[in-house]
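Start at 1 and go down the list; that is how both ligands and their atoms are numbered.
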Amino acid sequence: MVQKGIIIKGVGSFYDVLTNDKVIRCRLRGRLRLEGIRPLVGDNVLVRPATNVQEASIEEILPRKNHMQRPTVSNISNLIVVLAAKKPSPDLLLVDKLLVYAEHLNIKPILVINKIDLVQDEYLNRLKKEFLNTGYPCYPISVIDGHGVEEFKKYLEGISVLAGQSGVGKSSIINALSSSHKLETGEISKKLNRGRHTTRHVELLILDDGGMIVDTPGFSQLSLLEIPQEGLQDKYPDFTFHKSRCRFTGCQHNQEPDCAVRDAVEQGQISQGRYERYLILLEDLAKQRRY
Ligand SMILES: Nc1nc2c(ncn2[C@@H]2O[C@H](COP(=O)(O)OP(=O)(O)O)[C@@H](O)[C@H]2O)c(=O)[nH]1
Ligand SMILES: [Mg+2]
Ligand SMILES: [Zn+2]
């Protein structure tokens, strides 16, 4: 009798659950409510459809693989880190923070460089090199002329959340991916958007190709408070290959002698800029701890 589904939206004390063939609006079963359990958008659930005598209900929430706050979503497969090649010029420190955050939550990061219509190939190649040997997929696209969008779209399975500076094209990307849903984009709506995003509920949009995407483009400011300083270097896949050859176990790849990560930076196997930003983040985390 019960069916499997996924919560795509919360509306007051109701939840819209997408099952195989339809969306069922349900309440949380009384027992679970009493236990103080709070369902999240993205949760896999078991629902009991409505009968003559009973409304539809969520009977059980299946284990979550991860969840994030703001937007509050669970079971995220991809964090799509969006930057613009130009306008605004890339905030690479924010990009690195988002990549670290994704690693921390066990979410696969995907880099998207939008607005490539505004730059030359040479510039784009230099930008791509910032993420040298990270192994992260990187899609150069232009929503305006459609370049690269189809290829990127095919790649999106499961639940994806967009992140990045304001103005990089997050809303434009969602519009390009989901024909059924149009968000406001551009300068004029900025003020409006801000007000609305604080009140509007999170909703999963079903993409034309089957994946799902969160409709409120997420955070642009990010604190890494919850990550311990020693753990930061674990979040850099481009360091992994080298660090077993550092002289000290637990090397922070900072001032220590015989650091293989620093050598790799000098030999051009790790991006110099990314390494320098790593040191900035390391220092930030050390400061946070002192306060
Ligand atoms: N030149 C160019 N402009 C774009 C592209 N994608 C989006 N924009 C413009 O960038 C501005 C900000 O886009 P928006 O989607 O609102 O960004 P958001 O703040 O990240 O949601 C809008 O004026 C868009 O028309 C692109 O590929 N090329
Ligand atoms: Mg937007
Ligand atoms: Zn080292």
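Comparing heavy-atom distances from atom 28 (N) of ligand 1 across Asp117, Val119, Leu118 singles out Asp117 as nearest. Remark: among candidates His147, Lys86, Lys87, Lys115, the nearest residue to atom 10 (O) of ligand 1 is Lys115, based on non-hydrogen atoms.
Looking only at protein N/O/S atoms, the ones less than 2.8 Å from the Zn ion (ligand 3) make 4 in total.
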* **Chi angles and distances behind the salt bridge (Lys or Arg N to Asp or Glu O under 4.0 Å) call for Arg31, Glu35** => CA-CA 6 Å; Arg31 183 175 59 76; Glu35 286 172 16; 3.2 Å; yes
* **Test side chain to side chain donor-acceptor pair (under 3.5 Å) applied to Glu59 and Ser57, step by step** => CA-CA 6 Å; Glu59 295 291 304; Ser57 62; 2.6 Å; yes
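In summary, Ser166 places no N/O/S atom under 2.8 Å from the Mg ion (ligand 2), failing the contact criterion.
Of the inter-residue distances, the one linking Ile116 atom CD1 with Lys86 atom NZ reads 13.5 Å to the nearest 0.5 angstrom.
At a heavy-atom distance under 4.0 Å, atoms from both the backbone and the side chain of Ile144 approach ligand 1.
Residue-to-ligand polar distances place Gly167 within reach of ligand 1: an N/O pair is separated by less than 3.5 Å.
If you run side chain to side chain contact (heavy atoms under 4.5 Å, CB included) between Leu177 and each of Leu156, Leu162, Leu205, only Leu156 comes through.
Phe239 and Tyr278 have perpendicular rings, their planes meeting at more than 60° on a 0 to 90° scale where under 30° would count as parallel.
Under the rule for a side-chain contact (heavy atoms from CB on, under 4.5 Å), the partners of Arg262 that lie at least two apart in sequence or sit in another chain are Cys259, Tyr275. Partners of Gln255 according to the side-chain contact (heavy atoms from CB on, under 4.5 Å) rule, which considers only residues two or more places apart in sequence or in another chain, do not exist here.
Each of the atoms 7 (C), 13 (O), 14 (P), 15 (O), 24 (C) of ligand 1 lies under 4.0 Å from some heavy atom of Ser172. Close approach to Ser142 involves these atoms of ligand 1, each under 4.0 Å from a residue heavy atom: 27 (O).
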Using distance only, find each side-chain donor-acceptor pair of residues 120-127 under 3.5 Å and give its atom names and separation, not counting sequence neighbours.
residue	atom	partner	partner atom	Å
Tyr123	OH	Ala85	O	2.8
Asn125	ND2	Asp121	O	3.4

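Other residues, nucleotides and ligands contribute at most 12 non-hydrogen atoms within 6.0 Å of the CD atom of Glu157.
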